[in-house]
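Quick notes on the structure that follows.
As the structure lists them, so they are numbered: ligands from 1, and atoms in each ligand from 1.
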Amino acid sequence: SSGMKTCYEFLKKTSRSFYAVIEMLNPEIKDAMCLFYLVLRALDTVEDDMTIEKSLKIKLLSQFHKFLYAESWNFTKSCSNDRIVLENFSVISKEFRHLNKKYREIISKICMKMGKGMIKFSNSSPQSLKELDEYCHYVAGLVGIGCTSLFTSSGLETNNIKLTTDISNSLGLFLQKTNIIRDYLEDVNQNRYFWPKQVWSKYVENIEYFSKPEFSREALQCLNELITNALAHVSDVINYLSAISDESVFRFTAIPQVMAIATLERCYNNVLLFNGVVKIRKGEAICLMNEATNITKVKLIFMRYLNKIRYRITARDPSAIQTMREVERAMQIC
Ligand SMILES: O=C(O)CO[C@@H](C(=O)O)[C@@H](OCCCCCc1ccc2ccccc2c1)C(=O)NCCCCCc1ccc2ccccc2c1
Ligand SMILES: [Mg+2]
Ligand SMILES: [Mg+2]
């Protein structure tokens with residue numbers, strides 16, 4: 001339909017990477033996944049928009065799942081780059097209401113839970129590694145859980161004994177933690193602090209000091225500790241991918257994960273992260289997309305990057321032993 005075509009345009013404008021992987025999905029769930037993305041991106045755009053007054057933001061986050069059934073609801077007061085999905089939300093919600101009931105229930109339930117979670121963290125960022133897991137569960141773990149529900153309810157995946165909530169959650173935590181680690185400078189410049197205080201306060205008095213050259217050693221030690229924490233999710237990621245049978249679902253799920261391990265490897269012990277953006281090169285990303293077609297190849301990709309990290313672990317680093325343990329544990333699964 002023309003409405004759905006417009007929604008794919010919104011998807012392409014808000015995320016080229018997720019547009020690429022959603023585009024390749026089985027037609028049975030492609031539209032549902034596109035709308036799942038757009039609804040949550042709209043919700044996240046409210047969360048991220050620092051110009052929205054606090055009490056209004058909280059009201060929007062808690063009501064958001066109801067706007068899915070509010071025929072002409074749009075939000076025109078956002079100044080975010082992704083505001084297009086809020087200004088045209090009525091186009092998105094109209095297509096959402098045409099979805100099969102079983103998909104609508106999954107999407108609206110995840111949307112309600114994510115909105116509640118965002119409210120919980122609207123006044124304070126994650127202070128501990130435990131709170132980081134909680135925040136990442138709300139903004140990304142729930143996406144993995146929702147994706148698994150869409151896969152199983154569509155009949156494309158029947159192995160739902162193995163695709164548990166916990167390992168679905170881990171897929172999201174691995175991606176979100178990689179984003180939070182990589183986006184240190186971008187977030188700090190916007191006064192957004194996702195690196196937990198319980199961690200960075202072991203190394204410096206103020207998280208902003210990591211960008212100063214005289215604190216580069218402490219910055220790297222904190223960075224390596226957070227990367228070590230993220231690596232703990234790799235075994236769940238590999239176990240999840242091993243349980244997928246539909247080829248298009250496999251690629252849709254595997255591609256963001258291989259991008260994340262490649263990004264973590266680039267970030268490991270890399271001081272450039274504190275003064276610029278560390279991204280994997282376009283050519284490397286395209287190679288990874290073409291390579292991540294089955295579990296054997298994905299395991300090889302993970303092995304390659306885990307090995308590169310392992311060779312860069314230095315005994316001086318306080319997390320060295322823990323990093324080595326997480327890398328070896330992950331390599332055993334591969
Ligand atoms: O503003 C930005 O540009 C980045 O925002 C980050 C933030 O604000 O922290 C942050 O916003 C999180 C809240 C909105 C989540 C929107 C989303 C993303 C990907 C999807 C993929 C498929 C279906 C629905 C999806 C929904 C963000 O986008 N982080 C990127 C990592 C989150 C990925 C979630 C995820 C989890 C499990 C998955 C399993 C399989 C395939 C894709 C998966 C994707
Ligand atoms: Mg965001
Ligand atoms: Mg956000």
Residue pair Tyr203 / Glu225, side-chain donor-acceptor N/O under 3.5 Å: yes
Heteroatom distance test (Asp44, ligand 1): nitrogen or oxygen, under 3.5 angstrom: yes
Neighbouring protein N, O or S atoms of the Mg ion (ligand 2) [cut-off: under 2.8 Å, no waters]: Asp44 OD2, Asp48 OD2
Reported NZ-to-CG distance for the pair Lys109 and Leu142, which is rounded to 0.5 angstrom: 10.0 Å
Set of residues satisfying ring-ring contact (aromatic ring centres under 6.0 Å, His included) with respect to Tyr69, sequence neighbours excluded: Phe96
Minimum-distance pair of heavy atoms, taken over all atoms of Leu150 and Ile29: O-CG2, 3.9 Å
Nearest non-hydrogen partners of Ala32 and Ile107, listed with the distance: O-CD1, 3.7 Å
Row check, Tyr268 ring normal vs Lys308 NZ/CZ: under 6.0 Å, within 45°: no
Subset of ligand 1 atoms that lie under 4.0 Å from at least one heavy atom of Gly172: 36 (C)
Heavy-atom closest pair, residues Asn275 and Leu185: C-CD2, 3.4 Å
Selected option - heavy-atom contact closest to atom 17 (C) of ligand 1, from Tyr37, Phe194, Phe36: Tyr37
Shortest protein contact, atom 13 (C) of ligand 1 (heavy atom only): Val139 O, 3.3 Å
Any N or O of Gln257 closer than 3.5 Å to N or O of ligand 1: no
Parallel, tilted or perpendicular, as decided by the 30° and 60° cut-offs, for the rings of Phe67 and Trp73: parallel
Of all pairs that satisfy ring pair (Phe, Tyr, Trp, His ring centres under 6.0 Å), the ones with a partner from residues 117-137, not counting sequence neighbours: Phe121-Tyr135, Tyr135-Phe194
For atom 36 (C) of ligand 1, closest protein heavy-atom neighbour: Ala140 O, 3.5 Å
Arg192 N/O to ligand 1 N/O under 3.5 Å: no
Taking atom 10 (C) of ligand 1 as the reference point, the nearest protein heavy atom with its distance: Gln176 OE1, 3.5 Å
Minimum-distance protein heavy atom relative to atom 39 (C) of ligand 1: Leu171 CD2, 4.0 Å
Check: Gln221/Ser319 side-chain N/O donor and acceptor closer than 3.5 Å: no
Nearest non-hydrogen protein atom, atom 4 (C) of ligand 1: Arg41 NH1, 3.7 Å
Within 6.0 Å of NZ in Lys102, more than 12 heavy atoms from elsewhere: yes
Closest protein heavy atom to atom 30 (C) of ligand 1, given as residue, atom name and distance to 0.1 Å: Asn179 ND2, 3.4 Å
Pairs touching residues 314-334 that satisfy ring pair (Phe, Tyr, Trp, His ring centres under 6.0 Å), sequence neighbours left out: none
Protein heavy atom at shortest distance from atom 35 (C) of ligand 1: Val143 CG1, 3.5 Å
Taking atom 43 (C) of ligand 1 as the reference point, the nearest protein heavy atom with its distance: Leu175 CD1, 4.0 Å
